[in-house]
Amino acid sequence: MNKLIFKFLGMILLSMTLISSAFATPVDTYEFKSVDKQKRALELAHSLRCPQCQNQNLIDSNSPVAQDLRLEVYQMVDAGKADDEIIEFMTSRYGEFVLYKPRMEAKTYALWLGPVALLLFGLLIGFFFIRKQRITEVDEQELSAEDQKELDKLLKRADK
């Protein structure tokens, strides 16, 4: 009985090990010329979006396209190209989609300024709504003596 339990537990452990290795991410084994270039390349790859994936950067994505682009970024950084050159190369090849932070251009003004405009519009509506409420409250509180007498007359008629 004990042997059967140990075999069963061994099979479970083996299957869990195999399953966890199936979900492991591949490791890039590119050799950089310096540690600074490696850090710069990793930061750059983190800031670029995979063209195939919906919302993953080049480091997080396991797609073949992302692997190729990571290698290309690593090689360009190691070759001494500037970040702007690499980003320009990627955007000319894959479009603005590869940038997580789009550039401030005429076609992206709505993207950058839209949330601010919506916030200001909401604050403006809130301001007018609160102001209207305060004006209504003030109007209700301030009755002249003549208006009060007329209101009392109307209330007495309603009671009869």
Side-chain angles (χ1 to χ4, degrees), residues 1-140:
M1 183 72 168
N2 285 339
K3 288 184 180 182
L4 185 61
I5 292 174
F6 282 120
K7 284 184 181 180
F8 182 70
L9 289 175
M11 288 174 45
I12 289 175
L13 183 62
L14 179 64
S15 64
M16 289 176 65
T17 304
L18 292 175
I19 288 172
S20 67
S21 67
F23 292 116
T25 58
V27 176
D28 291 328
T29 56
Y30 187 81
E31 292 284 331
F32 287 92
K33 294 177 183 171
S34 71
V35 177
D36 292 335
K37 287 186 178 187
Q38 180 182 10
K39 287 180 184 177
R40 201 176 113 222
L42 290 174
E43 287 175 8
L44 194 56
H46 271 290
S47 70
L48 294 171
R49 185 185 321 221
C50 172
Q52 184 177 355
C53 305
Q54 285 297 316
N55 201 20
Q56 289 184 324
N57 59 33
L58 293 180
I59 298 292
D60 294 337
S61 175
N62 292 329
S63 73
V65 173
Q67 291 173 355
D68 292 343
L69 290 179
R70 271 195 308 264
L71 181 61
E72 200 160 346
V73 168
Y74 295 165
Q75 289 172 345
M76 291 173 91
V77 167
D78 224 13
K81 293 199 175 189
D83 290 355
D84 293 339
E85 289 178 276
I86 297 169
I87 289 172
E88 186 59 38
F89 171 78
M90 292 294 179
T91 53
S92 68
R93 193 169 181 189
Y94 297 102
E96 294 285 324
F97 177 77
V98 296
L99 298 177
Y100 266 118
K101 294 181 181 177
R103 297 178 181 140
M104 184 69 133
E105 296 175 344
K107 62 184 177 182
T108 59
Y109 283 157
L111 186 66
W112 283 102
L113 302 176
V116 174
L118 286 174
L119 177 67
L120 291 175
F121 183 68
L123 289 173
L124 189 66
I125 288 174
F127 171 75
F128 284 123
F129 180 74
I130 291 172
R131 185 171 175 218
K132 183 179 177 183
Q133 289 289 332
R134 287 186 181 165
I135 290 172
T136 305
E137 288 174 6
V138 169
D139 287 346
E140 289 175 359

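These numbers were taken from a predicted model, which means no experiment stands behind them. Hydrogens, waters and symmetry mates are skipped; everything else that's a heavy atom, side chains included, is used.
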Got Ser61 and Leu69 here, is their nearest side-chain heavy-atom distance under 4.5 Å?
no
Between atom CZ of Arg49 and atom CD of Glu96, what is the distance when rounded to the nearest 0.5 Å?
11.0 Å
Is Val35 close to Lys39 at the side-chain level, that is, under 4.5 Å between some pair of heavy atoms?
yes
Determine the minimum heavy-atom distance between Pro51 and Val65, stating which atoms define it.
CG-CG1, 3.9 Å
Roughly how far, to the nearest 0.5 Å, is the CZ atom of Arg70 from the OG atom of Ser63?
7.5 Å
If I take atom NE2 from residue His46 and atom CG from residue Asp60, how far apart are they, to the nearest 0.5 angstrom?
6.5 Å
Can a donor-acceptor pair be found, under 3.5 Å and without considering hydrogens, that links the side chain of Ser47 to the backbone of Leu44?
yes
Could you tell me whether the side chain of Leu71 reaches within less than 4.5 Å of the side chain of Gln75, counting heavy atoms only?
yes
What is the distance from atom CD1 of Ile130 to atom NZ of Lys132, rounded to the nearest 0.5 Å?
13.5 Å
Is there a side-chain contact between Val98 and Arg93 (heavy atoms, below 4.5 Å)?
no
Do Phe89 and Lys81 have side chains that approach each other closer than 4.5 Å (heavy atoms only, starting at C-beta)?
no
A side-chain contact here means heavy atoms from C-beta on lying under 4.5 Å apart; do Phe121 and Ile125 qualify?
yes
Work out which heavy atom in Pro64 is nearest to a heavy atom in Gln52; give both atom names and the distance.
CD-OE1, 4.2 Å
Out of curiosity, Asp68 CG to Leu58 CG, how far, rounded to the nearest 0.5 Å?
10.5 Å
Minimum heavy-atom distance between Ile59 and Tyr74, given as atom pair plus value:
CD1-OH, 3.6 Å
Distance from Glu88 atom CD to Glu85 atom CD, nearest 0.5 Å?
10.0 Å
Side-chain heavy-atom pair Leu99, Leu48 within 4.5 angstrom cut-off:
yes
